[in-house]
2 protein chains.
Amino acid sequence: MSRDSVVDAAERLVHSRPFGEVTIRSLAAQLDVAPMSLYRHVRDKDDLLGEVVDRMLAAEWEPAADPADLGRWLTEAAERLRHLLVDQPAALHVYLSGPVVSPAALRRMDAMLDVLGRAGLDRTAARRAYAALHTYTVGFAALEASRSGWRPSPSDGGTAAELAAFTSPEQFAVGLRYLLDGIASASPAAGHLPTGPDPGGRSTPGGRAAESAPSRERRRGVSRPG
Amino acid sequence: MSRDSVVDAAERLVHSRPFGEVTIRSLAAQLDVAPMSLYRHVRDKDDLLGEVVDRMLAAEWEPAADPADLGRWLTEAAERLRHLLVDQPAALHVYLSGPVVSPAALRRMDAMLDVLGRAGLDRTAARRAYAALHTYTVGFAALEASRSGWRPSPSDGGTAAELAAFTSPEQFAVGLRYLLDGIASASPAAGHLPTGPDPGGRSTPGGRAAESAPSRERRRGVSRPG
DNA sequence: GGCGCCATGCGTACAAGTACGCATATTGTG
DNA sequence: CACAATATGCGTACTTGTACGCATGGCGCC
């Protein structure tokens with residue numbers, strides 16, 4: 001048994017069972033060892049999940065869009081992280097547990113800073129913009145995940161419906177555009193970052209899905225991010 | 001024993017002990033009853049924390065700024081929620097566990113929608129703007145809380161310092177301004193929402209603290225939002 | 001070839017949330 | 001006042017993460 005073999009097994013478990021069933025004990029059973037044996041190879045459960053999530057991130061983060069198309073590339077990068085976090089409760093858990101400094105996360109950050117730099121932002125402005133985008137993305141994913149599967153209690157009136165609209169893919173795109181707009185207008189040298197027409201002027205929502213949403217969204221496993 | 005008395009005791013406990021020590025068992029001890037007895041009055045621990053957090057929110061959410069000063073009022077509203085969430089792990093936990101529809105939360109939402117409406121946004125645009133602001137605020141607080149108390153592992157290089165800057169009060173203000181800028185520019189009729197000069201053009205940070213930060217920040221108790 | 005040491009696996013135990021169902025108390029009804 | 005129905009407190013037990021320390025096995029060195 002080695003750290004790698006433990007992480008491998010954990011990865012398989014995460015991909016094959018609802019998050020609520022990913023426990024140290026079930027993992028140990030899968031490896032046919034006693035639960036406490038795992039702790040010779042990982043510091044604790046979060047350490048283990050961190051490794052697994054790094055692999056998922058490495059496989060999913062990179063946008064397919066042309067990096068020269070700055071706005072679209074940034075939008076897709078945010079969209080991909082959001083998708084991963086909502087789709088994989090383990091990933092959200094890791095992102096909410098502390099700063100993520102795994103290799104893939106650092107590569108992603110560097111790539112985004114690079115693109116923001118090419119948009120005309122200096123190093124400081126790029127960092128600020130990245131931080132704002134990242135915060136918004138993780139925040140949105142956290143709220144969306146915690147809401148999915150939520151049934152409005154019978155006591156709430158129309159409020160519930162109102163809240164549901166807060167965590168739609170369209171709303172994510174809208175907020176992202178606000179941010180990109182604001183970032184561009186704060187930086188004199190920045191070219192126009194947002195791509196395409198306003199994703200929803202003032203008409204009803206359902207008009208069109210988010211520009212780069214990778215088709216259908218699935219839900220899986222337990223949501224509760226805590 | 002009644003629901004109210006349980007919530008009262010829980011509130012006292014939350015205010016007097018680190019979050020990690022706020023347990024059903026310690027609460028039961030405080031009330032001098034058996035742990036399971038509490039479950040006659042609250043659905044589960046989250047239900048209980050929800051009540052407590054509503055009280056905290058009710059006491060803290062309302063900005064002192066003049067609501068006519070739209071940008072400043074909105075900024076302070078966001079700042080106050082951020083402060084509460086970072087300061088009180090219980091509050092963050094609740095906000096990350098599901099939609100918060102407690103009375104104070106609904107009052108706050110209505111007030112914000114109202115101010116956004118006065119800024120010239122129609123109902124739909126106001127909702128979108130509110131959702132974006134709310135997402136950003138909760139997201140920022142979640143990241144800030146999970147980072148506070150974090151010690152960069154000796155292996156990380158300058159990355160750690162870079163990350164630290166992501167969750168400073170200044171950075172919160174910067175991102176908020178991006179959003180308000182973007183919101184204003186997306187709505188033809190909207191007056192200028194952001195207040196005052198750019199909170200940090202491209203020079204070094206320390207220029208000035210967030211406009212309405214309520215003085216000194218404290219930290220208390222365990223942070224891990226899990 | 002023998003001996004000691006560290007790496008590795010694990011048995012036990014504890015604190016947390018809470019499901020389940022019993023027992024007592026309280027209230028409503030004739 | 002007697003009895004039923006309901007409300008309330010709680011003992012027990014299960015699941016989870018993980019601290020602690022024992023035990024064994026393989027490896028080095030003489």
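This one's a predicted model, so the numbers in the text were calculated from it and none came from an experiment. Letters A, B, ... mirror the listed sequences (proteins, then strands); counts begin at 1.
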query = For A:Tyr39 and C:dC14, what is the distance between atoms OH and C1' respectively, to the nearest whole Å?
reply = 14 Å
task = Look at the aromatic rings of A:Tyr95 and A:His134 and report parallel, tilted or perpendicular, splitting at 30° and 60°.
result = tilted
note = A:Leu49 CG to D:dT18 C1', in whole Å, measures 15 Å
key: Distance in angstrom units between B:Arg3 CZ and D:dG9 P, rounded   = 14 Å
inquiry  = What is the distance, to the nearest angstrom, from the CD atom on B:Glu21 to the P atom on C:dG17?
reply    = 12 Å
note = The contact string for nucleotides 5-10 of chain C, one letter per nucleotide 5' to 3', using protein heavy atoms under 4.0 Å with B, S and - for base, sugar-phosphate only and none, comes out as ---BBB
message = If I take atom CG in residue B:Leu48 and atom C1' in nucleotide C:dA16, what distance separates them, rounded to the nearest angstrom?
response = 15 Å
ask   = How long is the line joining NZ of B:Lys45 and C1' of C:dA19, in whole Å?
value = 17 Å
inquiry  = Ring of A:Phe140, cation from A:Arg82 - is the NZ or CZ under 6.0 Å from the centre and inside 45° of the axis?
reply    = no
task = Salt-bridge test for A:Arg55 and A:Asp8: reply yes if a basic N is under 4.0 Å from a carboxylate O, no otherwise.
result = yes
ask   = Nearest-Å distance, CZ (A:Arg25) to P (D:dG17)?
value = 7 Å
query = With a distance cut-off below 6.0 Å to the six-membered ring centre and an angular limit of 45° from the axis, does B:Arg147 pair with B:Phe166 as a cation-pi contact?
reply = no
request  = Considering only NZ, NE, NH1 and NH2 on the basic side and carboxylate oxygens on the acidic side, decide whether A:Glu76 and A:Arg72 come within less than 4.0 Å.
outcome  = no
inquiry  = Taking the minimum atom-to-atom distance to the side chain of B:Asp44, which one of C:dT18, D:dG17, C:dA16 wins?
reply    = C:dT18
ask   = Do side-chain atoms of A:Glu60 reach the backbone of A:Leu81 as a donor and acceptor pair under 3.5 angstrom?
value = no
message = Tell me the interatomic distance from B:Ile24, atom CD1, to D:dT16, atom P, rounded to whole angstroms.
response = 19 Å
